[in-house]
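For this chain, numbers begin at 1 and follow the sequence in order.
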Amino acid sequence: MTDAIHNLIEQYGLIAVFLGCVAEGESAALLGGFFAHQHVFVLWQAFLAAAIGAFAGDSCFFILGRSFADHPFVVKLKGRPGFSHAYRLVSTHPDIFVLTNRFIYGLRLVGGIAAGLSGIGVTRFVILNAISSMVWAGLFTTIGYVLFGLGAERIVGQALVRHERLLIALAIGLAAAILAWLIAHTIAKKERSKEK
């Protein structure tokens, strides 16, 4: 069973990092860095998968906001907590917003839609989004590589066997998801209290 899962990670791990980073993505980028440290794939490949995934995700939400403003999905997202805050920020500080939006957990989805609905130009958005995605991917894959990869190696020992790698990866993903949920929940709660 462990060998089958390990083989799946070797074959499809970079695709999973890419797809995970299309959405919110910190845990996918962290796991990409961790598995690169474990020599399942190369660090630059994990970085590239995370950066392209981050860029593609933010660009898709920008296009949704720009081209499909009246679509029910976009209308629903406009009603989410944080949208009015994101729209206000992108309208007043568009460059800073696009560069930092990916780093603000819970606002990325509505932030991309807000950027698409704002007056920021497409070329400007693409350039700023590319810079932001590369910095974000570099940061989180490096954290996964150094903090979790080297940390696990120090705790477990030099030779992490396959099932230990999978358990550690699962723990990293779970911890990142729980932390991200707590941060998003706190931000949403603050936004709801501001809107009252």
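For the atom pair L139 CG and M134 CE, the distance stands at 14.0 Å (nearest 0.5 Å). Note that the CG atom of D58 and the CD1 atom of I63 stand 11.0 Å from one another [nearest 0.5 Å]. Between T100 atom OG1 and L89 atom CG the span is 8.0 Å, to the nearest 0.5 Å. Taking CZ of F73 as the start and CG of L64 as the end, the distance is 6.5 Å to the nearest 0.5 Å. Separation of atoms CZ (F18) and CZ (F55) is listed at 11.0 Å; rounding is to 0.5 Å. Atom-to-atom distance recorded for Y145:OH and F47:CZ is 15.0 Å, nearest 0.5 angstrom.
For the pair A16 and A28, the tightest heavy-atom approach, listed with the atom from each and the gap, is O-CB, 4.4 Å. Here the closest heavy-atom approach between residue R102 and residue V22 is recorded as NH2-O, 4.1 Å. Between A51 and S133 the shortest heavy-atom distance is O-CB, 3.6 Å. Between T141 and A50, the shortest heavy-atom distance links the atoms CG2-CB, 4.1 Å. Minimum heavy-atom separation, I143 to L30: CG2-CD2, 3.5 Å. Taking both residues in full, the closest heavy atoms of F140 and A29 are given as CB-CB, 3.6 Å, listed atom of the first, atom of the second, then distance.
Under the 4.5 Å side-chain heavy-atom criterion for ILVMFWY residues, no single connected hydrophobic cluster contains both V98 and I96.
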With side-chain contact (heavy atoms from CB on, under 4.5 Å) as the criterion, how do S59 and F125 come out once you've worked through the C-alpha distance, each side chain's angles and the decisive distance to 0.1 Å? CA-CA 8 Å; S59 296; F125 175 83; 4.3 Å; yes
For V135 and F103, run side-chain contact (heavy atoms from CB on, under 4.5 Å): C-alpha distance rounded to whole Å, both residues' side-chain angles, the deciding distance at 0.1 Å, then the answer. CA-CA 10 Å; V135 171; F103 294 88; 3.8 Å; yes
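Counting heavy atoms from C-beta outward, L43 and H37 have side chains that stay 4.5 Å or more apart. Under the 4.5 Å side-chain criterion, counting only non-hydrogen atoms from C-beta, L48 is not in contact with Q45. In this structure the side chain of Y87 reaches within 4.5 angstrom of the side chain of L117, judged on heavy atoms. A 4.5 Å side-chain heavy-atom check between I120 and F62 finds at least one atom pair inside the cut-off. Side-chain contact between R124 and P94 is present, with heavy atoms from C-beta onward closer than 4.5 Å.
The closest donor-acceptor contact from the side chain of R66 to the backbone of S118 lies under 3.5 Å.
Judged purely by distance below 3.5 Å, without hydrogens or angles, the side chains of N101 and S132 never pair a donor atom with an acceptor atom.
Other residues, nucleotides and ligands place no more than 12 heavy atoms under 6.0 Å from the CZ atom of F68.
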Output a table of donor-acceptor pairs, distance under 3.5 Å, between side-chain atoms of residues 109-116 and any protein atom two or more places apart or on a different chain; print 'none' if there are none.
none

